[in-house]
2 protein chains.
Amino acid sequence: MTETASRPTLEAVAARAGVSRATVSRVVNGGEGVREPLVERVRRAVEELGYVPNQAARSLVTRRHDAVAVVIAEPETKVFADPFFALQLRGISKELTAHDSQLVLLLTEGREDYARVGRYLAGGHVDGALVFSLHLEDPLPGLIQGAGVPTVFGGRPGWADGTRGDTPTVYVDSDNRGGARDAVRHLVGLGRTRIGHITGPLDQTSAVDRLDGFRDVMVDADPRLIVEGDFTPAGGERAMRELLDRCPELDAVFAANDVSAAGALRVLRERGRRVPEDVAVVGFDDMLPVAEQSDPSLTTVRQDIEEMGRLMARLLLRGLERRGPGGDRDRDREHERGGVGGAPSSVVLPTTLVRRASA
Amino acid sequence: MTETASRPTLEAVAARAGVSRATVSRVVNGGEGVREPLVERVRRAVEELGYVPNQAARSLVTRRHDAVAVVIAEPETKVFADPFFALQLRGISKELTAHDSQLVLLLTEGREDYARVGRYLAGGHVDGALVFSLHLEDPLPGLIQGAGVPTVFGGRPGWADGTRGDTPTVYVDSDNRGGARDAVRHLVGLGRTRIGHITGPLDQTSAVDRLDGFRDVMVDADPRLIVEGDFTPAGGERAMRELLDRCPELDAVFAANDVSAAGALRVLRERGRRVPEDVAVVGFDDMLPVAEQSDPSLTTVRQDIEEMGRLMARLLLRGLERRGPGGDRDRDREHERGGVGGAPSSVVLPTTLVRRASA
DNA sequence: CCTCCCGCTGAGAGCGCTCCCCGATCACCG
DNA sequence: CGGTGATCGGGGAGCGCTCTCAGCGGGAGG
């Protein structure tokens, strides 16, 4: 009755504009099929009252939420704390904002949280999910796909070779393998022959793919030249020492990411090896604060992380549109980035080699 | 009335358990005032049907959303990309999760986004907001406080000396000034006398506070020994050069954060100054990947960033409870950090000096 | 000039849930 | 053993919105 204290409702706007609720609703939702003068009147009423639609009420009937969950399953704080997710989030945020969708962030703290996330997603609180889970044996992706929520993964999930059950898996990834190949070829082009590789943790697809890329070029690499790291500086140091011990005549290293490359750099300096003269080093990621500020600055493989995020969101939203309210319209297939119209399919973004001082 | 395809409703659960909707509702919301056998039966029905409450319907009537917005207004990607926000987010997330609240992330891309954020918050989509806006002249905090949403700020807002309008401003901050004092005192204790300071961008309260702390100890510091930086490595380098040029006999530097300290370190090495022998360096933040991995490792002032986030969330939720729907029930009045039963008030967390190799 | 049709507007029925309120129930006391 | 109070359960009224559907009016065709 009194619309003084609380926020104005559709009803109030309708009264003020001298039209019915339905008309106001139409105007608010795009104004299709309402004559101009009325539209104008309603707009003014909305303005004057400062009306904002009640999303809860809307969701209740439309079953849409204009919200997307972003699930980051990264037990190790360290990994989460690197700029990687921040950049992806930024990309995601931009895209979602452009589509008037909200970003609901779900961080998991170990596996005990998975049930909670699953429940939340299955509960239909969001229209879809963007999921980051980098580990091979992680049950989360499966669990989420089981929840029946449209999902796009960030990075290729461990099991994903296309299909899981009957739902095609959609993911966005960098061309880790191709990027690694470029890196190693660059080293080869520099005339290096004893090229070592510091891998990432091999329970992550990105690390595995980069290792595969390394092997693609170094087809018969001495297995002793491959040491497993863990994407951390300390791991990079350890691996570098190992590498140097095993093969003192090493003349190049490809580290699976920049921070381990930075660790390697430190060890090389400590052992009196000049970079790049004695040992050339290439990293991966082009994490600016690391790559640009290391000494010497790091030659590395750049991936456009923010773009990955943006693309994930775009893919998801597009999928949502397709299955949107009304009938399903299947089966058109396009193959450009992210598809156009058809069911979205996975996208692998290209990488580029950035040459700096270390190789 | 078929409850086959779509998600089960309260009604369905009630039917299955042989009770009324209201009873199921009561059980779902805590089970107060329902007899044990019934509770049990309802629980089982919920379980069997996989019932999940429809949050939209619930919000519609309760006007609560169990969701909190986190607003990060940081135009510069670089700043956002450092681990700072990630850690805060983690802390916030943990606390919110513990209270069954969702985290809605709002990243702003420049000021043109402010209106959107304001509208969103004023729209009553969330129960409260946690806001990060580090810049002095930023209109966002005012705008948000104007939206009438319960808010806790991360870091002291520029204008906050307690009150804005009639709403007390609540924020969580580190003891930047005290931490800076500790850092400088440490340098003094080392016998250093020509101590320079690389500030942060002085449009941020944290930078100003650290500068004030520096001045507290170096009461009559030569103004030439203070150079404005910008919290970036490049800024640190630039400032360090400036400092060295102005005052070659410098024997210590307090940098307002770790990454600028890292930049300073690089310049010192380049100029042939030994650290800490010739010049001692102290940073601020204790950003591990930076502080621990720099060469030499950085003596710095640690702030518990994750704890700040957790505290912000706790303060907000507590404030929400107080003004909660229905009668106020100021039950648990604990006098732990974050205030006692009353209106939450701002909290300033202590910092600690972490001694490493650089000073 | 009348009729048909099309396009715009308004009335009304819920979406799933909470919560108020009243009637039913049960323990217990007189 | 009946009355009384306290407590528990159920019915019903919306929360604010969308969407279907009918109705109404005006323009064009007969």
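- An OP1 or OP2 oxygen of C:dG16 is reached within less than 4.0 angstrom by a side-chain nitrogen or oxygen of A:Arg63.
- Dashed line: the shortest gap from a side-chain N or O of A:Asn54 to OP1 or OP2 of D:dC15 is not under 4.0 Å.
- What separates CG of B:Leu60 from C1' of D:dG16 is a distance of 5 Å, to the nearest Å.
- The minimum heavy-atom distance between B:Ala14 and B:Arg21, with the atom names listed, is CB-N, 3.7 Å.
- What separates CZ of B:Arg58 from C1' of D:dG16 is a distance of 18 Å, to the nearest Å.
- Distance CG (B:Asn29) to P (C:dG16): 17 Å, rounded to an integer number of Å.
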Does the side chain to side chain contact (heavy atoms under 4.5 Å, CB included) test come out yes or no for B:Tyr114 and B:Thr108, once each step is laid out?
CA-CA 7 Å; B:Tyr114 284 6; B:Thr108 68; 3.8 Å; yes
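- When the side-chain nitrogen and oxygen atoms of A:Ser25 are compared with OP1 and OP2 of D:dC17, none of them lie within a distance under 4.0 Å.
- Every residue two or more places apart in sequence or in another chain was checked for a side chain to side chain donor-acceptor pair (under 3.5 Å) with B:Ser101, and none qualifies.
- In this structure, A:Arg64 atom CZ and D:dC19 atom C1' are separated by 15 Å, rounded to whole Å.
- The distance between atom NE2 of A:His125 and atom C1' of C:dG16, rounded to the nearest whole Å, is 13 Å.
- Contact check for B:Val152 versus B:Val172: side-chain heavy atoms found under the 4.5 Å cut-off.
- A heavy-atom distance below 4.5 Å is found between the side chains of A:Asn54 and B:Leu60.
- Taking five base pairs at each end of the helix from C:dC1-D:dG30 to C:dG30-D:dC1, the local helix axes there meet at an angle of 50°, rounded to 10°.
- Ion pair A:Arg43/A:Glu40 not flagged as a salt bridge, since none of the NZ, NE, NH1 or NH2 atoms sits closer than 4.0 Å to an Asp/Glu carboxylate oxygen.
- Atom P of nucleotide C:dT18 and atom CG of B:Asp66 are separated by 11 Å, given to the nearest angstrom.
- Using a 4.5 Å cut-off on side-chain heavy atoms (C-beta onward), A:Tyr120 and B:Val52 make no contact.
- When rounded to the nearest whole Å, the span between CD of A:Glu11 and C1' of C:dA13 equals 14 Å.
- Minimum interatomic distance between A:Gln145 and A:Thr169 (heavy atoms only, all atoms of both residues): OE1-OG1, 3.4 Å.
- Across the protein-nucleic acid pair, B:Leu49 atom CG and C:dG16 atom P stand 14 Å apart, rounded to whole Å.
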What nitrogen or oxygen pairs link the protein and nucleotides 8-11 of chain C at under 3.5 Å?
{"residue": "C:dT9", "atom": "OP2", "partner": "A:Gly33", "partner atom": "O", "Å": "3.3"}
{"residue": "C:dT9", "atom": "OP2", "partner": "A:Arg35", "partner atom": "N", "Å": "3.2"}
{"residue": "C:dG10", "atom": "OP2", "partner": "A:Ser20", "partner atom": "N", "Å": "3.1"}
{"residue": "C:dG10", "atom": "OP2", "partner": "A:Ser20", "partner atom": "OG", "Å": "3.4"}
{"residue": "C:dG10", "atom": "OP2", "partner": "A:Thr23", "partner atom": "OG1", "Å": "2.8"}
{"residue": "C:dG10", "atom": "N7", "partner": "A:Arg26", "partner atom": "NH2", "Å": "2.9"}
{"residue": "C:dG10", "atom": "O6", "partner": "A:Arg26", "partner atom": "NH1", "Å": "3.3"}

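- In terms of heavy-atom proximity, A:Pro8 sits nearest to A:Leu49 at CG-O, 3.4 Å.
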